[in-house]
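Heads up, the thing below is written out as structure tokens.
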Amino acid sequence: MRAVRFSVTTAVATAAALTVITGCTEKSDAKSGGSGAIRVTATDDSCKVSKTEFPAGHVELAVENKGSRVTEVEILFPDDRIVSERENIGPGTKHTLTAEVKSGDYRIACIPGMKGKGHRQDVKATGGKAAKRDPRLDKAVAGYRQYAQEQADQTLPKVKVFTDAVRAGDLDAAKKAYAPSRIGWERTEPVAESFGDIDPLTDTRADGLEEGQKWTGWHRLEKALWQDKKIGAAEKSIATQLDKDLTDWQQRVGKAEITPTSMANGAKELLDEVATGKVTGEEERYSHTDLVDFKANVEGAEKAYALLKPVASENDAALTKELDKQFAALDTLLDKYREDPSSYDFTSYDKVGKADRKELSDGVNALAEPLSKLAAAVVK
Amino acid sequence: MTENTPDSPTPSRRSLLAVGGAGLALGAAAAGGAVALTRSGDGSDMAPAAESGGAVPFHGAHQAGIATAVQDRLHFAAFDVKTDDRDEFVQLLKDWTKAAALMAEGRPVGDGAYGGLAEAPPDDTGEALGLKPSRLTLTIGFGPSLFEKYGKKFGIADRRPAALVELPKFPGDNLERTRSGGDLCVQACADDPQVAVHAIRNLARIGFGKVAIRWSQLGFGKTSSTTPDAQTPRNLMGFKDGTRNVAGTDTAALDRHVWVSDAGWMKGGSYLVARRIRMNIETWDRTSLQEQEDVFGRDKGEGAPVGKAKERDEPFLKAMKPTAHVRLAHPDSNHGATILRRGYSFTDGTDGLGRLDAGLFFLAYQKDVRKGFIPVQRALSAHDALNEYIQHVGSAVFAVPPGVRDANDWWGRGLFAAKDV
């Protein structure tokens, strides 16, 4: 479990990824409300704009927050990708937001409290050239969005098997169902974690708890099953909450902000997860099923990479050649730890010696280093 | 830990001046922190030069970091090769050479630490930005295992030098696998620890997928005197260690004992032995002064050999106990075997039992390990009274190729390029 990073990278990443559109914000004292500006009035329950159609090119939003809460104003593509944004606009203050906008459909959103989708207005930029976007990258994003949704859809029944076993008090069945119930989540972890409220409930380890935070989720149950070796009423209730929290995830995952660069960086983050938590055996310290998570993280990274590869290979063929090689090498290395390459029965990590852990760590570094350059290859 | 004397019985005025009386490390050479040395074209002549923080030339007949006046700090790393592809490995050596040359000048690697694409991690990690070159030297070596494991794959099986032998097992050795060996090594020495660490970190990063760090060691407390009148630095046992050493300015001694003269790709190179020597600090500190002095064969205050008054007085070996460290290590006791040392003290915190995890990271360069370190260490491991207080826990040996001649040359070109090089 990590901090929320997936969605935070999107604003910059989107602008850069599309290269044709650059967004920028200006200080509040800058020519606010100039003659050509579109006036945006934000309140606690509305977002009013002075015009909904304007010429493409340099667009200036003169924002006034007449509401009672700190707000955020965004210019969005129809699919919710951010073109430009301005955060932390206090009540009663005025700010200016500018962007270079090609012709096409957009939305302007005011987000009181800076949480959620906020209030939106459809707007249209006319004239000039139409925004040119690489359709292959749109396809990659759509493909990854679909993948994230599929993983969540397929995970829910597996989680149910696990939680049912917990509720039935069946220790052995619950242990058996534990690791498989996590695969879909681990494959799409950066997306899953972008919903900052779900991750702490489902995937926190004991040392990740904040003071006063109630420990729930997979690892709390892992400890009950493997260390305490008993299932009580508390565990059964946590199992039921896990169902609920992951259903929430399933319903929201399709709406995550995904951009080509956030996909690329998400792939790298999956390897970071392996490097910091799995290779050390910290993630699954009671069940020692770290290699299952490890494999799932690599698979998720591989999926994002495969979707971006058509564009990346055109921009940096040497990089994709290296990535192909290192993904294959790491997959081969992982296969050493399972007898049947179609199953997810991996060697228990406490049986993996120091030298072998070092080899796995070296393999992760060998892949993660070039993977850190994928985002740049996508936006070149 | 060993104590060697150059052949000349009395150091000349010149070498005294330059060498500061010969220090444990070669280095001996001159000045330490305050004065840097520059290398002339053939890389063998040393003269005091720029103020500390200056750059040591990367190019030369010999690799910098051997005869170079010893810097204050060390980060030494041993690597394992992770690729079977000869071209890929050669490319890595070229990439490393390029990065090393930049860092020796105090410049960042690649496109630098900032200012590039926002979406990509910078080429340089950035922690050395704004720091001086700090006399950074980077020295590469090739281990026996490189030839054993990759000799055929890399087409270098018939190019392993006869002198690149595995060290024998010495009595008392307690070698840890994870602190020993390595297909190749890089020794980074600098007057600023951040500069040395930055160098290894960036080379490791460039190497991911091609090589992986097997083990590494940080060192402090360079082992050479700073001016002719100053004291030889002390080791962690409190003794002046290495009053005599091969001087970096003593071209004749370097040619005789350090630089490989045989024709072939190692000509102008050297052989490096690295040993992590753990000291039993707490028991040593409970040892009587008399025994401590008997163990070394020198007194603790002045560092004078037994029966003599001054540190640099010629030792009278027979006055020392037969098990005295200095007596056993002296070239006269080893058929003239002489090595150039540039070891560092290390302290890696405590060991979980509360004992200081400290000692000497011993580095010795010589023309032939079989005539240098091995006979000396055989004598020491069998009889040295110091053995009660130390243990060798890490060990490695490397063939250190000659210097990178110019911007078109690269580390190991002689080994991998045309055979007539």
Side-chain angles (χ1 to χ4, degrees), chain A residues 9-19 22 259-266 268-269 271-272 275 279 308 312 315-316 318-319 321-330 333 353-355 357-380, chain B residues 77-92 94-96 99 109-126 145 149-150 153 175-184 200-216 394:
Chain A
T9 58
T10 48
V12 175
T14 305
L18 296 163
T19 61
T22 44
T259 68
T261 40
S262 73
M263 278 171 66
N265 286 324
K268 182 200 74 86
E269 283 165 28
L271 269 291
D272 293 345
V279 146
L308 295 169
N315 293 333
D316 191 343
L319 178 69
K321 190 180 162 215
E322 179 69 14
L323 285 171
D324 286 341
K325 185 179 144 189
Q326 297 300 346
F327 268 117
L330 192 53
L333 186 57
K354 259 190 174 177
R357 288 184 183 200
K358 165 92 166 61
E359 194 183 21
L360 288 164
S361 176
D362 288 345
V364 170
N365 282 331
L367 173 58
E369 188 67 23
L371 200 52
S372 72
K373 300 183 171 96
L374 179 62
V378 171
V379 301
K380 254 180 202 173
Chain B
F79 294 82
D80 286 329
V81 172
K82 306 297 285 186
T83 178
D84 289 343
D85 185 333
R86 177 193 161 107
D87 292 344
E88 194 171 63
F89 186 65
V90 166
Q91 189 57 49
L92 169 72
K94 291 177 179 173
D95 292 346
W96 264 10
V109 301
D111 290 335
Y114 60 90
L117 270 179
E119 290 75 19
D123 285 352
D124 186 279
T125 51
S145 56
K149 291 190 281 183
Y150 296 92
K153 290 168 188 162
L175 303 182
E176 298 166 31
R177 209 189 71 85
T178 50
R179 292 191 194 277
S180 300
D183 298 333
L184 58 164
I200 293 296
R201 174 174 166 191
N202 281 270
L203 293 182
R205 191 175 172 210
I206 292 168
F208 280 136
K210 277 77 84 176
V211 294
I213 289 194
R214 180 180 174 87
W215 56 271
S216 81

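First the proteins, then the strands, lettered A, B, ... as listed; each starts at 1. Note that the coordinates shown come from a computational prediction; the quantities given were computed from them, not determined experimentally.
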**Message:** Please classify the contact between B:Arg214 and chain A as side chain, backbone, both or neither, with a heavy-atom cut-off of under 4.5 Å.
**Reply:** backbone
Decide if atom [atom1] of [X] counts as having more than 12 heavy atoms of other residues, nucleotides or ligands within a radius under 6.0 Å.
X        : atom1 : value
B:Asp111 : CG    : no
B:Arg86  : CZ    : yes
B:Lys153 : NZ    : yes

**Asked** If you tally heavy-atom pairs under 4.5 Å against chain B, which of A:Ala366, A:Pro370, A:Gly363, A:Ala264 wins?
**Response** A:Ala366
**Fill in**
Here the gap from A:Lys373 atom NZ to B:Asp123 atom CG, rounded to the nearest 0.5 Å, amounts to 7.0 Å
**Complete:** dist A:Glu322:CD -> B:Lys210:NZ (nearest 0.5 Å) comes out at 5.0 Å
**Complete:** Closest non-hydrogen contact found for A:Lys358 with B:Ile213 is NZ-O, 2.6 Å
**Prompt:** Which region of A:Lys325, side chain (C-beta onward) or backbone (N, CA, C, O), has a non-hydrogen atom less than 4.5 Å from a non-hydrogen atom of chain B, or is it both or neither?
**Reply:** side chain
